Amino acid sequence: MIKNLVIVESPAKAKTIEGFLGKDFTVTSSYGHVRDLEKKNNGVEIDNGFNPLYIIPADKKAVVNDLKKLAKGAETVWLASDEDREGEAISWHLKEVLGLNAERTRRIVFHEITKPAITAAIENPRYIDTNLVESQQARRILDRLVGFEISPVLWRKVRPSLSAGRVQSVAVRLIVEREREIDSFTPESKFRIVGIFNFTDDDGKNYKFKAELNEKFDTEEEAYKFLEIAKDSSYKIDSVEKKPAKKTPAPPFTTSTLQQEASRKLRYGVSRTMLIAQRLYESGKITYMRTDSVNLSDLALGSSKNVIKSSFGDKYSKTRKYKTKSANAQEAHEAIRPTYFEHETIDGTPEEKALYNLIWKRAIASQMADAELEKTTAKISLSNSEYKFTASGEVIKFDGFLKVYIESTDEDDNTKDAEGLLPPLYNGALLTYDNIAATERFSRPPARYTEAALVKKLEEMGIGRPSTYAPTISTIQKRGYAEKEERIGKEREYKVLVLSGRNISGEVKTEITGAEKGKLYPTNIAMLVNDFLLKYFPKIMDFQFTAEVEKELDDIARGERNWVNMLESFYRPFHSTVEDTIENSERVKGERILGDDPKTGRQVSVRMARFGPVAQLTDINDEEAKPQFASLRTGQKLELLTLEEALELFELPRTLGNFEEKPVTVAIGRFGPYIKHDNKFTSLKKHFDPYTITLDEAIVEIKEKRIKDAEKLIKVFEENPDFQLQNGRWGPFLKVGKLNFKLPKGVNATEMTYEDCLKIVEESDKKVSSGKTKKAPAKKTAEKKTTKAPSAKKSTSKKTASGTKKTTKKK
DNA sequence: CAGTGAGCGAGCTTCCGCTTGACTT
């Protein structure tokens with residue numbers, strides 16, 4: 001018989017807490033929420049006071065059954081989910097599902113997983129806060145209604161399977177609007193003047209240092225004119241000013257700042273960061289990783305102080321308490337920190353080590369002293385100009401927290417030079433120039449979002465929660481609204497004028513501009529959906545919408561507002577907008593007519609078709625004539641494509657001629673330009689242009705590919721030519737039709753028999769079918785159908801092996 | 001994996017926030 005059953009949300013937390021509590025306590029976990037709205041009828045009886053219809057999701061049934069058993073035999077059940085809206089609701093759902101009565105139930109909360117905090121919580125139990133639960137319920141229902149009423153409108157008016165929601169639609173809006181800012185941006189150039197000066201001190205020692213003019217010039221002529229003046233000028237130090245400055249460490253990590261720094265310093269995407277953090281948490285190395293709090297427990301403050309003092313000395317320690325800035329923070333946990341500050345490094349995979357190291361440094365630095373600097377600014381005057389040069393230098397007098405950690409920023413600032421030490425300049429010192437350069441610099445458009453930068457923006461706006469940042473970013477990519485892409489930049493010329501000695505010389509240099517890596521690009525469908533939603537659902541798309549909802553939810557949580565009332569006043573006008581939109585809005589095509597094809601006179605247009613954006617040639621005079629289509633290439637935008645670009649799309653595929661009595665054609669596919677011959681594909685190497693490659697060149701490529709393919713093939717079995725042993729990227733493997741099979745370790749592929757292969761297929765099939773759950777494959781087939789409707793049909797009827805797999809699993 | 005771009009109109013898709021595995025390539 002269990003005396004006390006404590007239920008928390010996470011199993012890792014349960015393990016830790018069990019250690020703090022005595023023998024009389026059994027600690028277990030609910031794995032988050034145990035109930036959710038059913039999907040049927042949106043899970044809400046709207047005309048029955050928004051009565052929610054809750055079910056236990058299939059993947060939670062086992063958990064709930066276990067909890068029921070444990071609870072039945074327990075004297076007292078302690079509901080210890082987080083102290084926020086969601087946590088309160090979890091406790092309430094548990095109470096309902098487990099049939100707990102008030103007498104033997106206690107609700108407790110703690111903000112940190114430390115022994116004193118847990119003991120204090122046990123000593124101060126309270127009741128479930130009904131207002132808070134209702135606030136969560138209102139949040140849940142509102143999100144369901146928004147998502148499940150707008151998404152079907154998109155299916156009808158734009159394309160099936162699309163989605164909309166309070167959080168994701170705003171995230172997409174941010175990406176779309178940023179892209180349009182970039183598209184409409186015209187860079188302006190200015191000439192920046194930087195001089196290298198010579199200074200000789202009293203001992204005759206020579207120094208060179210850099211200084212920048214306090215003026216930039218719009219044109220090359222003006223820059224040249226200035227250099228002419230500079231040539232005949234003498235230079236003198238006008239003033240030297242020294243100012244103390246200090247730098248303060250950043251607070252310890254929250255989910256969002258961890259994601260940002262891991263993105264900048266380690267180049268991890270947000271879901272990768274969270275996956276690694278989860279492993280660190282589960283192995284007890286860090287505190288909880290989904291948090292919006294920057295607070296550290298007293299225990300953490302104490303132990304970090306000890307570590308800092310013993311490693312760096314007393315003067316490096318400074319205890320700091322941080323306050324959360326983000327408006328929406330619920331602060332149910334501590335900041336993300338090492339569980340044991342004494343462990344500067346840990347065992348684990350390289351990425352676990354790297355992320356832990358980042359967390360350790362950031363948390364330690366947050367409890368360290370300010371860095372003290374001295375900034376020096378020297379002004380240099382010209383004898384025959386009003387302009388002045390400025391040189392600045394920075395010296396660290398005391399490094400403080402900089403000893404362990406420097407925060408990065410998103411702006412990769414290459415316009416600013418690293419400020420170092422200046423020579424011992426003094427007022428009135430005379431200088432000569434080594435050279436003075438006028439360099440043309442272009443203004444830059446706003447930067448595209450990285451995943452982490454988008455999370456930061458959403459957090460600032462109070463949209464989304466730590467547990468949903470990474471999933472939201474994945475969702476908008478899965479739905480095809482955004483793509484994380486690497487794009488190569490374009491070359492751009494810029495001018496440099498250099499005054500050296502008595503001579504001014506000019507030069508044209510090139511730089512790469514617009515190169516992007518791992519940034520989020522909106523797709524064409526995202527732009528269409530965004531504009532549609534902005535037009536018909538401006539309220540949902542408003543950046544303030546979530547903030548307003550939050551205010552009302554807070555009122556409900558304080559008992560100052562009725563939750564049904566709140567939903568009524570939101571839903572009624574919202575729902576009539578939905579109906580009105582279904583009734584009155586046009587189907588979204590994104591069609592633009594670009595002009596006429598000069599060769600044939602046919603009309604050139606672009607639009608969104610079923611399989612994506614296309615350009616179209618239409619004979620307007622002949623309705624019978626079939627229009628000709630060409631897909632837009634990656635990166636081309638429906639809303640920006642020009643007539644010339646559209647016409648170029650129709651130049652492919654090109655038929656080059658015949659080889660071995662079969663036509664050779666060139667086109668651009670999903671993986672770039674390719675040659676097609678005899679139903680075989682050969683990717684074009686980079687130095688070939690699909691528009692200019694000749695038949696002879698193509699034939700060479702085809703032959704080369706044949707040799708490579710022959711090397712790839714180890715053996716074809718006579719018994720069944722579908723069975724082939726091939727050399728792949730990861731060594732030999734068995735290919736049967738379209739399916740690939742791994743070979744058992746240590747087998748020599750060349751000696752394998754047909755029977756060996758059959759065995760592999762049979763065994764692997766058995767493994768696959770028995771190991772899988774019922775739901776996963778069903779989901780997979782659905783996905784395949786939507787992305788590739790025509791080919792999927794073909795394969796299900798032909799592929800016997802996979803066909804039987806599917807049917808047996810569905811049962 | 002790289003042919004489509006539309007028609008007999010089946011049945012499906014979708015939200016946000018809590019939490020972990022169990023999957024494949």
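Every value quoted in this text rests on a predicted model; they were computed, and no experiment measured them. Sequence lines set the chain letters: A, B, ... in the order given, protein chains first and strands last, and positions in each chain run from 1.
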Identified stems (criterion: three or more consecutive Watson-Crick or G-U pairs, under 3.5 Å), DNA chain B: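 Counting only runs of 3 or more consecutive pairs, none involve DNA chain B.
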Would you say [X] reaches [N]'s phosphate, i.e. side-chain N/O to OP1/OP2 under 4.0 Å?
X      : N      : result
A:Q616 : B:dG5  : no
A:T468 : B:dG17 : yes
A:Q136 : B:dG17 : no
A:S467 : B:dC18 : yes
A:R159 : B:dG5  : no

A:Y571-A:F50 aromatic ring centre distance below 6.0 Å: yes
When you get a sec, tell me which of [options] is the closest nucleotide to the side chain of [X]?
X      : options                : answer
A:E282 : B:dC18, B:dG21, B:dT19 : B:dG21
A:R166 : B:dT20, B:dC18, B:dC16 : B:dC16
A:P11  : B:dT19, B:dG5, B:dT14  : B:dT19
A:P160 : B:dC16, B:dT13, B:dG5  : B:dT13

[N] base to [X] side chain: any donor-acceptor pair below 3.5 Å?
X      : N      : value
A:R140 : B:dC15 : yes
A:R290 : B:dC18 : no
A:S161 : B:dT13 : yes

For atom CZ of A:R706, is the number of surrounding heavy atoms from other residues, nucleotides or ligands below 6.0 Å larger than 12? yes
